[in-house]
Amino acid sequence: MQFAFNEDQREIQRTARELLGRRAPLERVRAAAEAGAYDERLWDEMVALGWPGLAIGERHGGVGLGLVELVAVVEQVGYALAPSPLLADVCAALVIASGGSPAQQARWLPGIATGELTATIATVRHGAAAPMPDADRAGALVFVDGDRASISSAAAVERDAWASVDLTRRYARVRRAADEPLESDVATGLQRAEVALAAELTGLAQRALDVTVAYVKDRKQFAHPIGAFQGVSHRCAEMLALTETARSATYFAAWTADADPEGLAAASSMAKASAGDAARRVAGMAIQAHGGIGFTWEAGLHWIFKRAHADAAQLTDADEHRRRVARLAAQRLRAASTQVAA
Amino acid sequence: MDLGLTASELAFRDELRDWLRQSPPGPTPLEERASFDHRRAWDQRLHAGGWAGVHWPVEYGGRGATLVESAIYNEELARAAAPPPVNVIGLTLAGPTIMTHGDEAQRARFLPPILSAEEIWCQGFSEPGAGSDLAAVATRAHQVDGGWRITGQKVWTSFAHDAQWCLLLARSDPDAPRHKGLTYFLLDMAQDAVQVRPLRTISDTHELNEVFLEDAFVPDAHVLGGVGNGWRVAMTTLGNERSGLVFGKSFQARILLDRLTALADERGLLEDANVATRLGELHIRVEAVRLTAYRNVTSEMQSGQPGPEGSIIKWIWSETDQAITEYAVQLLGIEALDRDSPWAFELLRARGDTIESGTTEIIKNIVAEQVLGLPRLR
Ligand SMILES: Cc1cc2nc3c(=O)[nH]c(=O)nc-3n(C[C@H](O)[C@H](O)[C@H](O)COP(=O)(O)OP(=O)(O)OC[C@H]3O[C@@H](n4cnc5c(N)ncnc54)[C@H](O)[C@@H]3O)c2cc1C
């Protein structure tokens, strides 16, 4: 048993961390967000590294790696707050890859894998789709309604820009003129997409923690670095605990997706719920630990906080995931007790 | 990343499962004396079957189990509803500390009867004036001909009423700096100079004791790790204490939560979205403890040291255990507070989780200072 990235996976993680560290420092994130634009050069590099197609099969022109490798990259994208359409793109691709018929896969996945088109995804409530990230540029739009999903091409939708507080991505309200249902295993695709969301959320939590630890070592009040006060230091310890448990659940779910698919329903819900909670709470605690400066636009903690809330709101919310976990546990226990009785 | 078990790990698990099927532990009696006898007999059966102290090296009678195998071992024993070993202090604290710091004679004398549960151990660290601040230990050791005379008081000493031996931390040099004046002794409890008095705990069980020492004698041969070196030796003990027990405990928490979930399901309570949400959250927390403990096993096997996640495991387990027992009593209502209800017992016992083996606040201090590198006030 080895519950850590292997050498290849670490290499992928390192590449992502270095590229994003260079290309997406906080000033660039801010500049892009305030301009309402993505860093197109960064996106070109991501495409050149094969990230959009990392977990798409080779027969569709992807790299053919697993969810663990994808999670290694997406976590770093979250850590960097990279202004890019990657997250929605890979989430939509995961749903198409599991949920699409062979013909649907062949139609959509090759373009996504090569970066020729981007894809996006949103949930539908009462017939209307929630605001979709990156819909303005997307060539494939996936709509999730309960356990069903459908897909539209860009030509078959109308979109109006929608202003979110999360400026690190662009959103639009989308109306479908025509869409076609995805005909295969949509549920698994959604579960895999939740794991990708959990990875970005884990990266956001880690970023909020790192920024805060650096700040509280430096900032002095009452003649001491504030990190020496337990009200602050114990908060930081709690931020670490939230981040690490979210990471445990996320990596486990990613491994489960490819190696133990039976366990994915529970594992993906655990990952999304714990990473969603962790990122939102740690980002909020980061603002608190910075005092007044944390409340300013300039300090930039709000980028993490907003993106954490936006990611956590994608697909299924944390409480519904908790209910799923409870129902799956009850099912497991019922199955075990009938086994004993038989 | 590969969370599957290797062929040899699977073989280890299956061999243990087979053995447990053939010699099941049986129910642990509720009454304290009977429970102790049952648990000791179980420790001895494990030993006879070659399943005691699996994490000990082969040369000391263990199986030299890897950390993963130890984790499997603890999970399987919990799954089989085996009682925790009565000699838990001997197996997880005394044994490894004596292996690390003991001389040949000490290893030969003390290790075999720990493994066989013939000699039960207790841990005499805490004192009325030295709890979280362990270096404040004031029990005095005076050198005499051939050994040491020790006077003072220990408190919260689990198992002292059943123990033959005690891991005793005492001050041998009051003039040395706090951490330097301590010596670690292996104290024979069977002497008049050692008086054990029971403490009544919140769960109304006899688990803890006070230990009074009035010129108790320890021969030179039973000083562990050298005079004045007690702090270092004690750190070895504490390191084993915080890492050694978590797998079994987190699995016990899981079993408790499964029992509660099945009860809620039988009564149709999961239809209530609030109940399902709360129970789901507890399942997520229990699983996070287990997964984080496994991640830490990999860190330790790869680098020889626990990772940053290692230091939080005991803390998050203890708070999760408390949350489960509190919610159980809320959900099941006043019936769960029946004096003989296992839920009431678990609710009360869980309060000790965040105090024993280092309080949660002390763990947070350690995480802040040693993992995050934050400055300390002092
Ligand atoms: C069930 C149980 C079994 C035990 N078994 C044993 C045993 O077998 N052998 C043994 O030697 N001991 C044993 N102990 C004792 C245990 O190790 C101590 O109780 C523990 O270390 C706390 O010490 P204390 O009780 O003196 O509390 P104190 O140290 O007085 O702490 C009181 C409160 O103050 C907080 N506090 C103290 N210092 C700080 C600080 N620097 N920063 C922030 N908060 C702080 C603590 O977290 C706690 O909440 C056991 C305890 C329990 C509950």
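So that the names make sense, note that chain A is the first sequence line, chain B the second, and so on, each numbered from 1.
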Shortest non-hydrogen separation from [X] to [Y] and the atoms involved:
X       : Y       : result
S233(A) : A368(B) : CB-CB, 3.7 Å
A237(A) : V367(B) : CB-CG1, 3.8 Å
A241(A) : W315(B) : CB-CH2, 3.7 Å
C236(A) : L374(B) : CB-CD1, 4.0 Å
T261(B) : A326(A) : CG2-O, 4.4 Å

What part of [X] is in contact with chain B, defined as an atom under 4.5 angstrom from a non-hydrogen atom: side chain, backbone, both or neither?
X       : result
R235(A) : neither
V213(A) : both
A259(A) : neither
R334(A) : side chain
E320(A) : neither
Q9(A)   : side chain

Query raised in the report: Out of curiosity, D260(A) CG to L3(B) CG, how far, rounded to the nearest 0.5 Å?
Result: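 Going from CG on D260(A) over to CG on L3(B), the span is 9.5 Å.
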Query raised in the report: What part of R254(B) is in contact with chain A, defined as an atom under 4.5 angstrom from a non-hydrogen atom: side chain, backbone, both or neither?
Result: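 R254(B) touches chain A through side-chain heavy atoms alone.
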Query - Residue L291(B) versus chain A: region with a heavy atom under 4.5 Å - result: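 Contact with chain A is through both the backbone and side chain of L291(B).
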Requested in this report: Quick one: list whatever passes ring-ring contact (aromatic ring centres under 6.0 Å, His included) with F229(A), sequence neighbours left out.
Outcome: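 If we apply the ring-ring contact (aromatic ring centres under 6.0 Å, His included) test to F229(A), skipping adjacent residues, there are no hits.
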Query raised in the report: If only atom types and distance count, is the side chain of R295(B) paired as donor or acceptor with the main-chain N or O of T245(A) below 3.5 Å?
Result: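 Side chain of R295(B) to backbone of T245(A): no pair is present.
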Report task. May I ask you to decide if A249(A)'s main-chain N or O and E287(B)'s side chain share a donor-acceptor pair within less than 3.5 Å? Result ->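 Answer holds: no.
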Report task. Check whether more than 12 heavy atoms from other residues, nucleotides or ligands sit under 6.0 Å from atom CD1 of I255(B), and answer yes or no. Result ->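 Yes.
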Query raised in the report: Got more than 12 heavy atoms from elsewhere within 6.0 Å of CD, E356(B)?
Result: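 Yes - once you tally the heavy atoms of other residues, nucleotides and ligands closer than 6.0 Å, there are more than 12.
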Is there a side-chain contact between [X] and [Y] (heavy atoms, below 4.5 Å)?
X       : Y       : value
N6(A)   : M1(B)   : no
H234(A) : N365(B) : yes
K217(A) : P375(B) : yes

Query raised in the report: Top residue by heavy-atom pair count (under 4.5 Å) with chain B, among F252(A), F3(A), Y251(A), F5(A)?
Result: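 Between F252(A), F3(A), Y251(A), F5(A), the count favours F3(A).
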Requested in this report: Count the heavy-atom pairs under 4.5 Å between each of E238(A), R324(A), R327(A) and chain B, then report the option with the highest count.
Outcome: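 Heavy-atom pair counts peak at E238(A).
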Query raised in the report: Of all residues at least two apart in sequence or in a different chain, which pass the side chain to side chain contact (heavy atoms under 4.5 Å, CB included) check with R219(A)?
Result: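 Result, side chain to side chain contact (heavy atoms under 4.5 Å, CB included) vs R219(A): Y215(A), Q221(A), I226(A).
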**Report entry** side-chain contact (heavy atoms from CB on, under 4.5 Å) evaluation trace for L333(A) with D265(B)
**Finding:** CA-CA 9 Å; L333(A) 294 165; D265(B) 189 28; over 6 Å; no
Looking at [options], which one has more heavy-atom pairs under 4.5 Å with chain A than the rest?
options                            : value
D258(B), L279(B), V68(B)           : D258(B)
A264(B), A288(B), G4(B), A262(B)   : G4(B)
V371(B), I316(B), V297(B), T292(B) : T292(B)

Distance-only donor-acceptor pairs under 3.5 Å for side chains of residues 266-275 of chain B, two or more places apart:
{"from": "D272(B)", "atom 1": "OD1", "to": "N274(B)", "atom 2": "N", "distance (Å)": "2.8"}

Report task. Using distance alone, with no hydrogens and no angle criterion, decide if T277(B) and R322(A) have a side-chain donor and acceptor under 3.5 Å apart. Result ->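 Not at all, the side chains of T277(B) and R322(A) share no donor-acceptor pair under 3.5 Å.
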**Report entry** residues 9-19 of chain B: residues contacting chain A (heavy atom under 4.5 Å, by number)
**Finding:**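 Only E9(B) of residues 9-19 of chain B have a heavy atom under 4.5 Å from chain A.
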Query - Derivation of the side-chain contact (heavy atoms from CB on, under 4.5 Å) call for Q2(A) and Q302(B) - result: CA-CA 9 Å; Q2(A) 205 183 73; Q302(B) 285 180 348; 3.5 Å; yes
Report task. Go through D2(B) and M1(A) one step at a time and tell me if the side-chain contact (heavy atoms from CB on, under 4.5 Å) criterion holds. Result -> CA-CA 6 Å; D2(B) 183 3; M1(A) 197 214 64; over 6 Å; no
